[in-house]
Amino acid sequence: MTLNDELLAGLGDQGVEQIAGMLGTDTLTARKVIEAVTGTIVGGMARNATHPDGADALRGALDDHMDADPFNGDVASLTRDGHSILSHVLGGQGTEQAAAQLSQLAGVNSATIMKLLPLIAPMIMSLLANRAARHDMDAGAVADDLNREESAIPDGLGELLGSLLGSIFGGAAVPRQAGPYDPYHDPLREPLRSEHEVAPGRSNPDW
């Protein structure tokens with residue numbers, strides 16, 4: 001069962017219908033958009049986890065999401081957590097770039113995708129955290145699991161997301177970063193800070 005399958009199960013029909021309403025689409029299209037968003041987040045995590053520092057930081061962050069219930073949480077707090085996660089996974093500029101390209105793929109306004117991304121990100125973190133705990137995964141095992149998840153994305157979508165992530169990360173893997181899992185200090189990919197990156201009242205996004 002992939003993370004996308006687990007996510008859809010966690011959302012249930014009602015959750016998918018709510019996302020369809022937010023997107024202004026039918027539930028079938030909403031499921032495809034959710035799969036694309038999930039694949040983007042998982043792919044970003046996989047690329048960050050190719051570096052030991054990134055994998056260690058992600059594994060530590062998963063412990064903080066063990067007891068979370070993002071499927072029944074407050075939307076505002078969920079969104080704040082999601083923006084923090086996305087700032088580490090894709091960077092602010094990368095998140096906006098992903099939203100723009102996913103909107104073209106799905107035929108949905110990019111501003112709406114920007115609202116969906118931070119809602120899905122904490123759900124993925126929570127599902128991955130529970131999986132890591134169940135199987136007693138260390139950082140390396142989590143990185144391997146993310147690679148398997150990325151490989152499980154259907155070919156057509158996988159190619160599109162591979163191209164998207166390649167344009168964000170500038171290659172197959174993330175360039176060496178100045179600090180653990182901190183895309184802000186990557187000299188090759190210095191994103192522009194925006195209102196989407198740091199939640200209100202938080203000076204520095206963290207896990």
Side-chain angles (χ1 to χ4, degrees), residues 2-46 48 58 61-62 64-131 146 149-150 153 157 161 164-165 168 183 191 194-202 205-207:
T2 66
L3 286 172
N4 184 65
D5 292 334
E6 293 182 39
L7 174 64
L8 290 172
L11 287 170
D13 290 341
Q14 183 176 3
V16 173
E17 288 172 3
Q18 290 176 340
I19 290 176
M22 184 177 81
L23 296 172
T25 66
D26 56 35
T27 55
L28 180 60
T29 301
R31 286 175 181 272
K32 292 180 179 178
V33 175
I34 291 168
E35 183 177 29
V37 167
T38 299
T40 301
I41 295 169
V42 168
M45 288 179 173
N48 276 279
L58 174 58
L62 292 177
D64 296 332
H65 288 78
M66 269 297 302
D67 298 324
D69 183 10
F71 296 101
N72 296 295
D74 173 72
V75 172
S77 60
L78 193 66
T79 299
R80 284 194 297 270
D81 186 29
H83 281 310
S84 175
I85 293 168
L86 291 169
S87 74
H88 286 283
V89 174
L90 300 173
Q93 191 176 45
T95 300
E96 293 176 0
Q97 185 177 343
Q101 294 195 34
L102 288 174
S103 72
Q104 294 178 7
L105 172 66
V108 176
N109 187 282
S110 62
T112 305
I113 299 293
M114 278 297 295
K115 293 179 181 178
L116 181 60
L117 278 162
L119 291 177
I120 297 296
M123 298 178 185
I124 296 300
M125 283 290 287
S126 177
L127 292 170
L128 186 59
N130 290 329
R131 179 184 293 182
L146 287 169
E149 283 285 333
E150 194 174 13
I153 297 172
L157 178 59
L161 295 183
L164 165 60
L165 292 166
I168 292 174
S194 73
E195 61 181 354
H196 302 299
E197 291 185 48
V198 183
R202 302 179 78 169
D206 53 32
W207 288 101

Worked verdict on M45 versus I41 for side chain to side chain contact (heavy atoms under 4.5 Å, CB included): CA-CA 6 Å; M45 288 179 173; I41 295 169; 4.0 Å; yes
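- A donor-acceptor pair under 3.5 Å links the side-chain atoms of N48 to the main chain of G44, judged by distance alone.
- Scanning all heavy atoms of the two residues, the minimum distance from T112 to M22 falls at CG2-O, 3.4 Å.
- When all heavy atoms of V42 and E149 are compared, the pair lying nearest together is CG1-CB, 3.7 Å.
- Across every non-hydrogen atom of R131 and E6, the tightest pair is NH2-OE2, 2.8 Å.
- Q97 contributes atom CD, which lies 9.5 Å from atom CG of L165 (distance to the nearest 0.5 angstrom).
- Distance check, rounded to the nearest 0.5 Å: OG of S103 to CG of L116 gives 12.0 Å.
- Here the CG-CD distance, from L117 to E96, works out to 10.5 Å after rounding to the nearest 0.5 Å.
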Test side chain to side chain contact (heavy atoms under 4.5 Å, CB included) applied to M125 and D81, step by step: CA-CA 10 Å; M125 283 290 287; D81 186 29; over 6 Å; no
Side-chain donor-acceptor pairs of residues 27-39 under 3.5 Å, sequence neighbours excluded:
residue, atom, partner, partner atom, Å
T29, OG1, D26, OD1, 2.8
R31, NH2, D13, OD1, 3.4
T38, OG1, I34, O, 2.8

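- For the side chain to side chain contact (heavy atoms under 4.5 Å, CB included) criterion with Q101, the lone passing option out of I113, I168, L164 is L164.
- Residues P118 and P122 approach most closely at O-CD, 3.0 Å, considering heavy atoms.
- Taking all atoms of both residues into account, the shortest heavy-atom contact from T40 to A98 is CG2-CB, 4.0 Å.
- Distance check, rounded to the nearest 0.5 Å: CG of L7 to CG of L128 gives 12.5 Å.
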CA sep, side-chain torsions, deciding dist, call: L102, L161, side chain to side chain contact (heavy atoms under 4.5 Å, CB included): CA-CA 9 Å; L102 288 174; L161 295 183; 4.0 Å; yes
Stepwise side chain to side chain contact (heavy atoms under 4.5 Å, CB included) check, I153 with N4: CA-CA 9 Å; I153 297 172; N4 184 65; over 6 Å; no
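- Here the straight-line distance linking atom CG of L90 with atom CD1 of I85 works out to 11.0 Å at 0.5 Å rounding.
- Put simply, the side chain of S126 never gets that close to the backbone of M123: no donor and acceptor are under 3.5 Å apart.
- Counting heavy atoms from C-beta outward, K115 and T79 have side chains that stay 4.5 Å or more apart.
- Contact record, G43 with E150: CA-OE2, 3.8 Å, taken as the closest heavy-atom pair.
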